[in-house]
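Let me begin by presenting the structure, written as structure tokens, before commenting on it.
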There are 2 protein chains.
Amino acid sequence: MHSIKVKSPATLSNLCCGFDILGMALNEPYDIIELIKKEESGILIKHKDSYQLPADPKVNISGVALQAMMDSLNYEQGFELVIDKKIKPGSGIGSSAASAAGVVVAANELLGKPFNKKQLISFAMEGEVLASGSRHADNLAPCIYGGLVLIRDTPSMDIIFLNIPPLFITIIHPQIEIKTSYAREILPKEISLKNAVTQWANVAGLVSGFMKNDYELIQRSLQDVIVEPVRSKLIPGFDDAKCKCLDAGALGGGISGSGPSLFMLSETEAIARLVENEMKSVYNQIGIDYKTYVTTVANNGVELIK
Amino acid sequence: MHSIKVKSPATLSNLCCGFDILGMALNEPYDIIELIKKEESGILIKHKDSYQLPADPKVNISGVALQAMMDSLNYEQGFELVIDKKIKPGSGIGSSAASAAGVVVAANELLGKPFNKKQLISFAMEGEVLASGSRHADNLAPCIYGGLVLIRDTPSMDIIFLNIPPLFITIIHPQIEIKTSYAREILPKEISLKNAVTQWANVAGLVSGFMKNDYELIQRSLQDVIVEPVRSKLIPGFDDAKCKCLDAGALGGGISGSGPSLFMLSETEAIARLVENEMKSVYNQIGIDYKTYVTTVANNGVELIK
């Protein structure tokens with residue numbers, strides 16, 4: 001095989017009470033990444049989108065992730081990489097993870113699958129380090145595994161695939177900028193034991209609700225008493241939007257990643273569409289541009305395009 | 001029906017990372033409670049054991065729980081209560097919960113089942129308040145439901161039954177006294193967000209490990225980075241015993257309730273017996289008397305004895 005094309009999905013991370021540990025792959029939006037073997041060494045990057053991301057592989061997320069894999073193989077030849085990014089950088093729905101995961105899955109296919117999924121995540125993580133300075137896998141793991149995944153422990157790459165019932169996800173990306181570093185900085189270093197217990201009770205409820213296909217339990221458990229109260233202040237319209245989405249029948253939701261996107265989970269597409277309308281009306285009123293998606297859970301992660 | 005006899009099981013609460021939210025019912029030990037209707041009003045308590053617990057129903061855990069139920073029914077007649085306590089008070093394996101839960105389940109049967117399990121827990125909780133001053137259901141809920149239960153939220157009594165694979169539980173009760181109030185007092189009011197995330201990642205791993213019948217995941221997740229490091233200092237021999245039990249093949253374990261009992265979960269009875277021997281050898285060496293149990297999960301809670 002000489003070339004390959006993959007679609008690399010957007011992902012929700014920091015799933016409410018599951019801050020830092022639960023991530024979910026989405027069917028929409030996704031990046032398209034084409035990888036072509038070339039005889040000469042080095043990585044050549046071409047962009048088909050208009051995001052003006054760097055073409056220098058040393059400072060490009062996909063480039064860094066791919067190079068990490070090539071280094072581990074002492075791979076002498078090179079690759080041409082054509083990126084058509086549809087997940088807007090800085091949206092909070094795993095744009096950098098899609099860039100990093102897509103390219104390593106594609107390269108692994110082209111090279112005859114020398115690596116397993118955990119190894120692929122560790123190469124892709126080099127891209128995440130470039131993007132945010134931190135080694136986290138809560139977007140990468142769902143991007144590569146698909147579905148809902150628990151990252152129990154990042155250093156040992158303990159990743160658990162969790163079965164879930166059908167869900168519809170509504171996302172609104174208000175066109176404002178939140179720096180991931182700032183969103184990290186404002187997190188409390190210390191929290192009360194009381195709130196922590198509330199949070200892990202909800203985590204336990206959410207995980208068991210997903211695994212039991214119990215929508216009501218999912219709904220009761222979709223609460224974040226630690227991070228959302230702090231970070232939601234960075235997102236104009238958050239409280240109003242959340243309140244209206246819940247009134248419209250959403251199971252629950254919150255901030256995707258470190259924002260600014262909001263997500264809501266719903267049991268039916270009809271509710272997810274109502275939720276989308278509520279989100280739109282709030283941001284129309286505030287006068288902030290936005291983009292919305294109504295999508296489902298991507299059961300596979302990065303996928304080959306025939 | 002004029003009289004009834006029930007067995008009311010011991011329970012593990014504060015299941016490692018599941019501090020305050022996960023509890024498990026055990027087949028051994030258990031209390032035996034006999035309840036007899038009488039024409040005259042009031043509660044008459046007789047003890048068959050040697051623990052010298054109060055016979056005055058106003059300061060007896062079973063008495064207070066039963067009275068709460070009788071009050072809610074405006075019940076005019078009375079009961080005689082014969083308690084044969086096998087779960088030593090202050091052991092940390094739910095002795096007070098067994099007293100409170102057993103009597104309300106028994107009375108509910110005698111009176112034609114006017115109440116559901118959640119209502120029974122709320123009556124029994126009056127007994128727990130008398131015992132420890134706090135409204136908690138993490139022993140009561142497994143005592144009444146059986147099996148492993150998640151108490152997601154105590155005020156709304158959101159209790160979730162979780163399926164688990166076969167488990168063998170080894171318990172050692174070193175004959176020392178730890179006051180529940182002191183064990184609560186030494187808990188940190190504030191904890192680091194980092195440790196909290198580690199804890200809820202383990203909670204998610206433990207719940208999914210139980211529900212997937214994945215013993216290795218259960219083993220990796222049975223870690224408590226918040227409470228055990230503080231409370232284990234109150235229990236001589238804890239670190240040594242835990243270390244030797246893990247070496248003997250236990251999946252993991254920790255402090256039951258607020259101590260002083262230690263528990264370990266194992267995949268087979270053979271391992272649970274090895275674990276028991278390790279526990280005994282540690283406390284023989286220290287020279288502290290003890291009592292041990294090797295038991296399994298009680299799938300039913302309080303049960304009628306024919």
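Here is the naming used below: chain letters follow the sequence lines, and residue numbers restart at 1 for every chain.
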Per-residue contact mode, A:Ile226 against chain B (heavy atom under 4.5 angstrom): side chain

Heavy-atom proximity to chain B below 4.5 Å, by part of A:Glu216: neither

Distance, nearest 0.5 Å, that separates CZ of B:Phe161 from NZ of A:Lys212: 7.5 Å

Distance in Å, A:Leu150 CG paired with B:Ser221 OG, rounded so as to fall on 0.5 Å steps: 7.5 Å

Residues of residues 242-268 of chain A contacting chain B, heavy-atom criterion under 4.5 Å, by residue number: none

Contact listing (chain A partner; residues 183-200 of chain B; heavy atom under 4.5 Å): B:Leu187, B:Pro188, B:Lys189, B:Glu190, B:Ile191, B:Ser192, B:Leu193, B:Ala196, B:Val197, B:Gln199, B:Trp200

Nearest heavy-atom neighbours spanning B:Arg220 and A:Arg152: O-NH1, 3.3 Å

Contact residues of residues 153-160 of chain A (partner chain B; heavy-atom separation under 4.5 angstrom): A:Asp158, A:Ile160

A:Leu206, part contacting chain B, at a heavy-atom distance under 4.5 Å: neither

Pairs of heavy atoms under 4.5 Å with chain A: top-ranked of B:Ala201, B:Gly209, B:Gly18, B:Gly205: B:Ala201

Chain B-proximal positions within residues 133-144 of chain A [heavy-atom distance under 4.5 Å]: none

